[in-house]
Number of protein chains: 2
Amino acid sequence: MKKMEHKECMSALLPVRDTLDIIGGKWKILILISIWEGNKHFREIERSIPKLSTKVLSKELKDMEENQLITRTVLNGFPVRTEYRPTEYSKTLQKVILELQHWGANHRKKIFGREY
Amino acid sequence: MKKMEHKECMSALLPVRDTLDIIGGKWKILILISIWEGNKHFREIERSIPKLSTKVLSKELKDMEENQLITRTVLNGFPVRTEYRPTEYSKTLQKVILELQHWGANHRKKIFGREY
DNA sequence: CCGCATCCGAGTGGATACTG
DNA sequence: CAGTATCCACTCGGATGCGG
C-alpha cells in the first residue's frame with residue numbers, strides 16, 4: 001500500500017468508523033459466526049456464546065438486521081419461534097474478518113513471541 | 001473465501017478480538033492517522049483531533065506504545081517535549097484499515113443508496 | 001420459546017485544575 | 001509542553017422477573 005495522503009485519510013475515516021460500528025464491540029462477530037455456523041434460534045444463539053445476556057443479544061440482533069447482515073422470521077405456532085439467518089451480503093464481511101484475524105494472529109506472535 | 005468451518009471460526013476468534021482491541025474504539029485509528037501524517041507532539045496530536053481529551057489521548061498513546069505501533073521519545077530541555085513516531089510495524093495495519101474502509105464505503109452505498 | 005422492562009453497580013470519558 | 005489527578009455525569013451491561 002502506498003503512503004496514505006491526507007485527503008485519503010479523511011475520506012477513509014467515516015467508512016472505517018461505520019465498519020467498526022457494525023462489527024466492533026464484544027459480541028457482533030461472535031454472533032455472526034454463530035449464525036454462520038447454523039444456529040438459528042434466539043436461545044440457541046445465546047447458549048452458543050458464553051456470558052452473552054439476552055438483553056445484549058436482543059439489541060445486537062436488531063442492529064445486525066438493520067444492517068442487513070441477518071434476516072429475522074417469526075414462525076407461526078406456539079410457543080413462538082424465530083429464525084435468524086445470515087444474508088448473502090453478510091459474507092462480504094468474511095474478507096474483512098479474515099484480515100483482522102491474520103493481523104491479530106501475527107501481532108500476538110510479535111508481542112508475546114508465541115501463538116495461541 | 002470458502003465457507004468457514006467451525007474450528008477455523010474458533011481459532012479466528014481470539015486474533016480478531018485482539019485486533020479490535022488494538023484499533024477499535026473511537027480514537028485509536030484517528031490518532032494513528034494523525035501520527036502517520038506527521039504530528040509528533042502531544043498537544044499537536046490533541047489539537048489535530050477535535051473532542052479528544054488529554055486523559056483519553058494519554059491512555060491511548062500508552063496502549064499504542066505497548067503494542068509497538070508508535071515510539072515515545074522524551075527530548076531534553078525545558079519545557080519538556082515528547083516525540084511520538086509511527087513504527088514501521090504500524091504500517092502493517094494499513095492493509096487492515098483499507099479493508100475496513102472499503103467495506104464501510106460500500107456498505108453505506110448499499111444502506112443509504114448514496115456515498116458520503 | 002422470544003424478548004422486553006427494571007434495577008443497579010462498574011467502568012468510561014469529559015471538564016477542569018494542577019505539577020514537573 | 002506533557003501529562004496526572006479529581007470530580008462527576010453518563011453509559012454499558014449483568015441479573016432478574018415478567019408478558020406474549
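Bear in mind the structure is a predicted one, so any value in this text is a computation, not a measurement. Chain letters run A, B, ... following the sequence lines, proteins first and then strands; every chain starts at 1.
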Gap between atoms [atom1] and [atom2], on [X] and [N] respectively (whole Å):
X      : N       : atom1 : atom2 : value
I31(B) : dG3(D)  : CD1   : P     : 12 Å
H41(A) : dC2(C)  : NE2   : C1'   : 11 Å
E60(A) : dG3(C)  : CD    : P     : 14 Å
E46(A) : dG3(C)  : CD    : P     : 11 Å
L57(A) : dG3(C)  : CG    : C1'   : 9 Å
N39(B) : dC1(D)  : CG    : C1'   : 15 Å
F42(B) : dT19(C) : CZ    : P     : 18 Å
K28(B) : dG13(C) : NZ    : C1'   : 13 Å

Gap between atom [atom2] of [Y] and atom [atom1] of [X] - 0.5 Å precision:
X       : Y       : atom1 : atom2 : result
T82(B)  : K40(B)  : OG1   : NZ    : 13.5 Å
Q94(B)  : Q101(B) : CD    : CD    : 11.0 Å
L100(B) : I23(A)  : CG    : CD1   : 6.0 Å
M64(A)  : L32(A)  : CE    : CG    : 4.5 Å

**Asked** Should the pair H107(A) and Y89(B) be assigned to parallel (<30°), tilted (30 to 60°) or perpendicular (>60°) ring geometry?
**Response**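 Because their plane-to-plane angle is under 30°, the rings of H107(A) and Y89(B) count as parallel.
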
**Asked** Taking S34(B) for the side chain and N39(B) for the main chain, is one N or O donor matched with an acceptor at less than 3.5 Å?
**Response**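 No.
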
**Message:** With nearest nucleotide decided by heavy atoms, which residue, R43(B) or K59(B), maps closer to the 5′ end of DNA chain C?
**Reply:** K59(B)

**Asked** If you measure from the Lys or Arg side-chain nitrogens to the Asp or Glu carboxylate oxygens, is any gap between E65(B) and K62(B) under 4.0 Å?
**Response** no

**Asked** Going by an N to O cut-off under 4.0 Å, is there a salt bridge joining D63(B) and K59(B)?
**Response** yes

Could you go over nucleotides 14-19 of chain D and give all protein N or O partners under 3.5 Å, atom names and distances?
{"from": "dG14(D)", "atom 1": "O6", "to": "K55(A)", "atom 2": "NZ", "distance (Å)": "2.1"}

**Message:** Do F42(B) and R72(B) make a side-chain contact, defined as non-hydrogen atoms from C-beta onward lying under 4.5 Å apart?
**Reply:**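 No, side chains not in contact.
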
**Request:** For DNA chain D, determine which residues of residues 63-87 of chain A have any heavy atom closer than 4.0 angstrom to one of its atoms, and list them numerically.
**Result:** none

